[in-house]
Amino acid sequence: KPNTITYTAMMHACSKAGKLHEALSVYEMMKDANVPPNVFTFNILLRASARLGQWQGTEDIWREMEEKEVAPDHMSYTAMLSAYSSGEQWDEVEA
């Protein structure tokens, strides 16, 4: 039965291939299976979204991370800063 590590690895593979939508689909499957995400799961989604310049999507992922009470780490913050800078959201970077 797939666990957090399995789903996260699948999301990582999708992300590396530049397939954010597929990574998000795997995340939806993970939620449907009631498998809890961890900080690594969210970091993969945050980085993929940031890399694609989708700062609003990155904010959505961050909010979900907070709702699930998963504590961010330095990689999480780096992904958010990257997303904001690529989207030229300088006010958010300064906040």
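Only heavy atoms go into these numbers, but all of them, side chains included; no hydrogens, no water, no symmetry mates. Sequential numbering from 1 along the given sequence is applied to the chain's residues.
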Worksheet item: Counting N and O atoms only, with roles assigned by atom type, does the side chain of S49 sit under 3.5 Å from a partner on the main chain of L46, one being a donor and the other an acceptor?
Response: no

Discussion item. Just checking K16: does its NZ atom have more than 12 heavy atoms from other residues, nucleotides or ligands closer to it than 6.0 angstrom?
Written reply: no

Discussion item. Quick check: closest heavy atoms across Y7 and V35, and the distance to 0.1 Å?
Written reply: CE1-CG2, 3.7 Å

Discussion item. For a quick check under 3.5 Å, do R47 and S82 share a side-chain donor-acceptor pair by atom type?
Written reply: no

Worksheet item: Hey, are the side chains of M29 and M10 touching, using non-hydrogen atoms and a 4.5 Å cut-off?
Response: yes

Discussion item. Assess the residue pair F42 and K68 against the criterion (side chain to side chain contact (heavy atoms under 4.5 Å, CB included)); give the C-alpha distance rounded to whole Å, side-chain angles, the decisive distance to 0.1 Å, and a yes or no.
Written reply: CA-CA 10 Å; F42 283 110; K68 297 203 178 290; 4.1 Å; yes

Worksheet item: Can you tell if the side chain of M11 reaches within under 4.5 Å of the side chain of E22, non-hydrogen atoms only?
Response: no

Worksheet entry | pair H21-C14: side-chain heavy atoms closer than 4.5 Å | no

Worksheet item: If you take all heavy atoms of P36 and T4, which pair is closest and at what distance?
Response: O-OG1, 2.6 Å

Discussion item. Out of the candidates M65, M80, E66, only one should pair with P72 under the side chain to side chain contact (heavy atoms under 4.5 Å, CB included) rule; please name it.
Written reply: M65

Item to complete: With rounding to the nearest 0.5 Å, note down the distance linking CD in E59 to CZ in R63.
Response: 5.5 Å

Worksheet item: Which heavy-atom pair separates A83 from T58 by the least distance, and what is that distance?
Response: CB-OG1, 3.6 Å

Item to complete: Find the distance between CG (D73) and CG (N43) and round it off to the nearest 0.5 Å.
Response: 4.5 Å

Worksheet item: Do L45 and I5 belong to the same hydrophobic cluster, where Ile, Leu, Val, Met, Phe, Trp and Tyr are linked whenever their side-chain heavy atoms lie under 4.5 Å apart, directly or via other members?
Response: no

Discussion item. In this structure, would M75 and V70 fall into the same cluster of hydrophobic residues linked by side-chain contacts under 4.5 Å?
Written reply: no

Practice prompt. Establish, from distance only, whether the side-chain atoms of Y27 and E64 form a donor-acceptor pair under 3.5 Å.
Written response: yes

Worksheet item: Counting only N and O atoms by type, is there a donor-acceptor contact under 3.5 Å from the side chain of T78 to the main-chain atoms of H74?
Response: yes

Worksheet item: What about L24 and V26, same hydrophobic cluster or not, with Ile/Leu/Val/Met/Phe/Trp/Tyr joined at side-chain heavy-atom distances under 4.5 Å?
Response: yes

Item to complete: For A48 and L20, work out which heavy atoms get closest and say how close.
Response: CB-CD1, 3.6 Å

Discussion item. Is it the case that the side chain of R51 and the backbone of S15 share a donor-acceptor pair, with hydrogens and angles ignored and the cut-off at 3.5 Å?
Written reply: yes

